[in-house]
**Q** 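Input: one structure, supplied below.
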Amino acid sequence: MILNILCLKLIFIGFAQCQTMNVTLTGTGMCLGGNFKNVIELKKHVQHCVVIVGYLELAFRARNNFTGVQFDNLREITDYLVVYNAIGLESVGQLFPALTRIRGNKLLFNNYALVVHDNPNLREVALFNLIKIDQGGVIIWGSPQACYVNTIDWKVLTPKGRHLISPSEGQVECNVPCFCTSYKPKNRCWNNKKCQIFIEDEQCDNQCLGCRKTKKIECFTCQYYTFKFDCVFKCPVGTFVQTDSQYCLSKEECHEFGGFVWNSTCITECPEDYLLSNKTVESTCEPYSGREMNCSSLTIQYSWDIQNAENCVYINGALILRLRYVLDAMDQLKKYLNKIEEVSDFIVIESSDVITSLDFMSSLRVIKGNKLKDGKYSLYIYNNNYLQTLFTPEVTKNLQIKNGTASFQRNPILCMSFIDEIKSRFPTQPNDLDIFIGTNGYRGGCKEVRFNFTITANSDTTVKVSFSIEDYNTHYTALYARLKPGVQSKAVPENYCEIEWRDADITTISGKSFCIVELKDLVPASTYAFCVEIFNPKKVQLSRSNTVNFTTPIGTPEPPFILQLVASSSNLVVLRWTDHKNYIAHIKSYELDVELLEMNPRESMVDYCKYNDDFFEEDDIRHAIVRKPPAAYKRDCESKCGILSSVPPGVMAEEYFEVCDEHFSCNYSEESVIVNSSISKNYVRTLALKLDGPRNDFQVGGLAPFSDYRFRLRSCVDRKCSRSARGIVRTFRAKNADVISNISGHADGSGTVTVKWKSPEITNGPILSYSVEILPRININNILPHVVCVRANETEIVVKSVIISKYLVKVCLKTLASSRNCSDWVIVTADHIPIPPSPHTSKMQILWTGVLCGILMYIATFLAVWLKSHRRIQSDTIPLVDSLSSCRVESDAPALMLSDFVTFHTMSLE
């Protein structure tokens, strides 16, 4: 990735040296793209454009004034958009508020459609209306003040592209957060005012790609074709599709735009394998016959130079390669230069440390030598430290060199045998100055001595190599290197770009005709290349043996790396992992242990009735573990899937990794293995599984809701298993849990109330405490219930209340998931009701009682009327019962599940 950023800087520096393309404006609003160095040029050429056909590169040389600069008409770019070094620009959306689509027909570096790079004042990207990038990825780099970068779902915007997002981007704290949705993972916004637009949310006409919310048939851009700013399913008769933009143009409009009609389309250049022909009045495309694909002289120094030569078959000039630091140079050369058949002047391969062979020119058949290097050479090979071979045998055999000779200088590992093979192809034979003695192939290895090596493995990290010798006075050095996994081809020590070679001195014993060397600290389950370098002090001659490959024993495999351990529901957890690349071909099975982490004895003895604070808020982090591969592969991971990818980081990373001490314990003695599976309350308590391999995902069901489970995964080869990769995750809460049932109670005539209940069968984690609410049933408002806290291990309570015939009782539950889950109110009736007066009571007693009651009623009525006339009117009262408390749901499990496509396991709940 660092190399990619370096390439970005180099190419952007190159932008400033390019001339701006003329932008042709037609009545259709279509313009040709180009490179612009300042705002004045940009306004002049793009002000009225609706669609840019081609690329739009804003590579500014100095500070520009962006005040009031806005291109409201521009809705589409057919290739890519670059904003580079825009000092003073605070928002890309300020320039292009209506930009809806970037097609990515052609991409920067063949990979990227949107590049925002080195803009020190940029505070936001803010392309509010951008809803689709058809092809290509995104680079956001070098804008340290940029905000809201992490709030865009780049994977939805450009699902087929790679994303390079600088770790510093989006790290500054935004002054005002955005709130597009209440669900944080889907809170996608360009800034605090504008949310990201998703195509599936836009209920536009089926011909539109984006539209006005007030008028669904008024499209921003079209799904299919555009004709005079209207969207159509196909172009009308008499018009032709402009292939880059999908606009329907007449023949005159096509010519005005600088194109021509071919194959019922309007094009500006012929497709691959076709050549522009002007033999008739109308331009047309004809199949090329090899040499007709002309390219001018090529000087190839960088990766983009290689890619630009992709279609060259005939080079009208010279081919010069000076490649020093290009990633995967040989692969790129073989891909893009394999069509070259003829070079009219000469070929130079100079100071190219990344070139190990010239076999990438597999189609080369003629070097004409019309002009010669230094007036003499048609092939000039100079100062290539790692060039080992020249052209393929087929090319060497049939190559025609019409003029000139060759020069080979300072190519230390290019053996003279290869030079001798091609010398005969030149009409003028090179002399001793052209091929100076001792400057080619002097580093050894050109003369091969064959040995029969016997290789014996002492352990998975040590092997012993023995071989016969003829002269014990000769000095022998063992050279060995670990090959990349899956590579079995022949390797030589000079191929430094691919593998690292190590050496070990070999001791010879006087009078013995064999040597033994022990190679230590090898990597298990790996393939090594081995050879011997021989130095004869008498002849001052250096040679090398044949190279053989051997594989170290597998031994104990390294543990897998857990990428994701995610709860999908209240009883389901999804596990995803990747195996160590050295062992992936050898993995036969896996051992998976799952263990419920219950409260330890100290926690169970805590009296949670004493905790008045509500500290049981749900922690989303507990429900998922998502890890990146270790630091050794952080760079490659970032370049492949991007920091802002909606796919969890690490999923698309390379499978190879080094073991991290952070996640794995190296202490084997502390590791215990679960042998048997067990169930507690119909839920998994322990689980021991044997999984067939290789595989990289699994899911386990039948788990207890809102409970912590420890997962331990081991990779196994035959009878040997790795140490465990570990992770702890908490399941989601269940909606049907924490339901208290079978509440019963009784009361006596003295106001003593006894309440009993049954513990819930399903709980969201362990029960911490109960609370019992008792309320006398009388017709008086604003009476609060009597609340008593009960410890988790008790299911009965006796409470002293007022003396009355009926009571309302409710039991509430506190668990890890919630501090209050209550039952419905239950009526409890007193066992003994007070006895009414006897009918034999004296009449005089009744009379005086009636008089006294009458007096009291008169006083009470008088006081009530007086209080009512003086009381202030109040509009609020305290309800007797919280009517919502019994149906309150504090949080719901996310709707998104990760278990759709993963193998499922659950236990029988018997």
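Just so you know, these numbers come straight off a predicted model, no measurement behind them.
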**Q** Treating Thr551 as the side-chain partner and Thr527 as the backbone partner, does any N or O pair qualify as donor plus acceptor under 3.5 Å?
**A** no

**Q** Go through the structure and list residues passing ring pair (Phe, Tyr, Trp, His ring centres under 6.0 Å) with Phe360, not counting sequence neighbours.
**A** none

**Q** If only side-chain N and O atoms count, and only distance matters, is there a donor-acceptor pair under 3.5 Å linking Ser303 with Gln332?
**A** yes

**Q** Output every pair passing side-chain hydrogen bond (donor to acceptor under 3.5 Å, both in side chains) with a member in residues 402-413, not counting sequence neighbours, ordered by first then second residue.
**A** Tyr382-Arg410, Asn384-Asn411, Asn411-Asn440

**Q** What's the spacing between Ile340 CD1 and Ile347 CD1 if we round to 0.5 Å?
**A** 7.5 Å

**Q** Suppose we screen for side chain to side chain contact (heavy atoms under 4.5 Å, CB included). Which residues come up paired with Thr474, at least two apart in sequence or across chains?
**A** Asp471, Tyr476, Ile534, Asn536

**Q** Sequence neighbours left out, what passes side chain to side chain contact (heavy atoms under 4.5 Å, CB included) with Asp521? Give chain and number order.
**A** Arg502

**Q** Could you tell me the separation between the OG atom of Ser363 and the NZ atom of Lys339, rounded to the nearest 0.5 Å?
**A** 9.5 Å

**Q** Please identify each residue that fulfils side chain to side chain donor-acceptor pair (under 3.5 Å) with Thr477, with sequence neighbours left out.
**A** His475

**Q** Answer yes or no: is there a donor N or O on one side and an acceptor on the other, between the side chain of Ser424 and the main chain of Ile422, under 3.5 Å?
**A** no

**Q** Can you list everything that forms a side chain to side chain contact (heavy atoms under 4.5 Å, CB included) with Glu394? Sequence neighbours excluded, please.
**A** Thr392, Asn398

**Q** Excluding sequence neighbours, so at least two apart, what forms side chain to side chain donor-acceptor pair (under 3.5 Å) with Thr456?
**A** none

**Q** For Tyr528, enumerate each residue passing the side chain to side chain donor-acceptor pair (under 3.5 Å) test, keeping only those at least two apart in sequence or located in another chain.
**A** none

**Q** Kindly say whether Ser526 contributes a backbone atom to a donor-acceptor pair with the side chain of Thr552 at under 3.5 angstrom?
**A** yes

**Q** Is the backbone N or O of Ile349 less than 3.5 Å from a side-chain atom of Ser352, with the two atoms forming a donor-acceptor pair by type?
**A** no

**Q** Treating Ser344 as the side-chain partner and Gly317 as the backbone partner, does any N or O pair qualify as donor plus acceptor under 3.5 Å?
**A** yes

**Q** Is the backbone of Phe451 close enough, under 3.5 Å, to the side chain of Ser545 for a donor and an acceptor to pair up by distance?
**A** no

**Q** Under the criterion side-chain contact (heavy atoms from CB on, under 4.5 Å), which of Leu563, Asp697, Leu592 is the partner of Leu575?
**A** Leu592

**Q** Which residue pairs pass the salt bridge (charged side-chain N to carboxylate O under 4.0 Å, His left out) test with at least one member in residues 425-434, sequence neighbours excluded?
**A** Lys376-Asp434

**Q** Quick test of your reading: applying disulfide bond (SG atoms under 2.5 Å apart), list the pairs with at least one residue in residues 298-390, sequence neighbours left out, ordered by first then second residue.
**A** Cys295-Cys312

**Q** Using only heavy-atom distances, determine whether the side chains of Arg714 and Ser724 contain a donor-acceptor pair under 3.5 Å.
**A** yes

**Q** Donor-acceptor pair, distance only, cut-off 3.5 Å: does the side chain of Glu350 make one with the backbone of Ile320?
**A** no

**Q** Indicate yes or no for a side-chain donor-acceptor contact from Ser378 to the backbone of Gly369 under 3.5 Å, with no hydrogens or angles considered.
**A** no

**Q** Mind checking side chain to side chain donor-acceptor pair (under 3.5 Å) for Tyr380 and listing every partner two or more places apart, or none if nothing turns up?
**A** none

**Q** Where do Val463 and Asn458 land on the side chain to side chain contact (heavy atoms under 4.5 Å, CB included) test, with the steps shown first?
**A** CA-CA 5 Å; Val463 300; Asn458 294 340; over 6 Å; no

**Q** Which residues pass the side chain to side chain contact (heavy atoms under 4.5 Å, CB included) test with Ser357, sequence neighbours left out?
**A** Met330, Asp359, Thr389

